[in-house]
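Take a look at the structure set out below.
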Amino acid sequence: MADNHPRSATYRTTRTDGGTTVVTLHGDLDLLAVPVLCAALDHLTSGTEPDLVLDLSPVSFIDCTGLGLLCRARNRVRYRVGRLRLVTPEDDFRRLLRTTGLGDAFELYPGLPEALAGTDAPGAVA
């Protein structure tokens with residue numbers, strides 16, 4: 001099925017020297033991409049105190065299943081007393097979060113360096 005939808009999301013995972021896992025998502029975060037991404041994020045959030053940064057900069061589209069995936073990851077991280085940060089320089093995604101009532105649900109950063117440093121006021125969706 002993914003062959004028929006070539007823009008469906010892919011991801012790359014890296015780990016920083018400080019132990020933070022950075023997942024860079026590419027393409028469409030939609031119904032076709034979520035099953036694979038869900039399994040990967042479940043694995044990454046299965047330990048104690050996970051420290052995860054999701055870089056959504058290269059994501060071109062996100063639907064309600066993609067939002068559900070992000071909420072699932074957030075809930076799993078919170079349950080395990082960890083931290084989840086989203087990199088999203090695009091106002092469109094911030095507007096989507098605000099419109100769906102998720103404006104304060106995530107730590108949002110404009111770039112990866114800021115997310116890794118934990119600088120700039122997280123969360124606030126203008």
Side-chain angles (χ1 to χ4, degrees):
M1 192 177 221
D3 292 336
N4 295 329
H5 191 62
R7 290 186 41 174
S8 195
T10 60
Y11 67 94
R12 185 184 74 237
T13 303
T14 56
R15 191 157 179 106
T16 68
D17 292 337
T20 301
T21 301
V22 178
V23 180
T24 305
L25 302 168
H26 298 269
D28 293 348
L29 193 52
D30 61 8
L31 180 65
L32 295 175
V34 164
V36 171
L37 295 175
C38 187
L41 291 178
D42 280 358
H43 174 73
L44 292 170
T45 59
S46 64
T48 57
E49 299 181 25
D51 186 11
L52 194 63
V53 172
L54 299 181
D55 186 354
L56 304 175
S57 303
V59 170
S60 54
F61 174 80
I62 185 167
D63 68 8
C64 61
T65 57
L67 285 177
L69 173 74
L70 296 177
C71 289
R72 176 182 173 89
R74 182 201 61 170
N75 292 341
R76 288 176 58 85
V77 166
R78 279 188 172 181
Y79 180 76
R80 290 165 177 81
V81 195
R83 186 172 184 199
L84 174 66
R85 290 159 278 176
L86 302 182
V87 175
T88 175
E90 296 297 323
D91 289 336
D92 290 343
F93 182 70
R94 292 171 183 254
R95 190 176 312 111
L96 175 65
L97 289 176
R98 188 176 56 251
T99 301
T100 57
L102 296 170
D104 295 325
F106 297 96
E107 286 186 53
L108 302 175
Y109 293 89
L112 188 55
E114 295 88 352
L116 291 173
T119 59
D120 281 353
V125 179

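Throughout, residue positions are numbered sequentially from 1 according to the sequence presented.
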If you look at every heavy atom in [X] and [Y], which pair is closest and at what distance?
{"X": "Leu84", "Y": "Ala73", "value": "CD2-C, 4.1 Å"}
{"X": "Val87", "Y": "Ala115", "value": "CG2-CB, 3.6 Å"}
{"X": "His26", "Y": "Pro58", "value": "ND1-CB, 3.3 Å"}
{"X": "Pro89", "Y": "Ser57", "value": "CD-OG, 3.4 Å"}

Side-chain heavy atoms of [X] within contact of [Y], under 4.5 Å:
{"X": "Phe93", "Y": "Leu86", "result": "yes"}
{"X": "Phe61", "Y": "Asp92", "result": "no"}
{"X": "Val22", "Y": "Leu116", "result": "yes"}

Rounded to the nearest 0.5 Å, what separation is found between the [atom1] atom of [X] and the [atom2] atom of [Y]?
{"X": "Leu102", "Y": "Leu96", "atom1": "CG", "atom2": "CG", "result": "8.0 Å"}
{"X": "Ile62", "Y": "Asp30", "atom1": "CD1", "atom2": "CG", "result": "9.5 Å"}
{"X": "Thr14", "Y": "Leu112", "atom1": "OG1", "atom2": "CG", "result": "7.5 Å"}
{"X": "Leu41", "Y": "Tyr11", "atom1": "CG", "atom2": "OH", "result": "8.0 Å"}
{"X": "Leu97", "Y": "Cys71", "atom1": "CG", "atom2": "SG", "result": "8.0 Å"}
{"X": "Leu31", "Y": "Leu69", "atom1": "CG", "atom2": "CG", "result": "11.5 Å"}

Could you check whether any side-chain N or O of [X] sits under 3.5 Å from a backbone N or O of [Y], counting only pairs where one atom can act as donor and the other as acceptor?
{"X": "Arg94", "Y": "Thr88", "value": "yes"}
{"X": "Arg80", "Y": "Thr45", "value": "yes"}
{"X": "Arg74", "Y": "Phe106", "value": "no"}

query: Charged N to carboxylate O below 4.0 Å: is that the case for Arg72 and Asp42?
result: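 Yes, this pair counts.
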
field: Worked verdict on Thr48 versus Val81 for side-chain contact (heavy atoms from CB on, under 4.5 Å)
entry: CA-CA 7 Å; Thr48 57; Val81 195; over 6 Å; no

task: Just jot down the salt bridge (Lys or Arg N to Asp or Glu O under 4.0 Å) partners of Asp17, sequence neighbours excluded, or say none.
output: none

query: Out of Asp55, Thr20, Val77, which residue meets the side-chain contact (heavy atoms from CB on, under 4.5 Å) rule with Arg85?
result: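 Result for side-chain contact (heavy atoms from CB on, under 4.5 Å) with Arg85: Thr20.
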
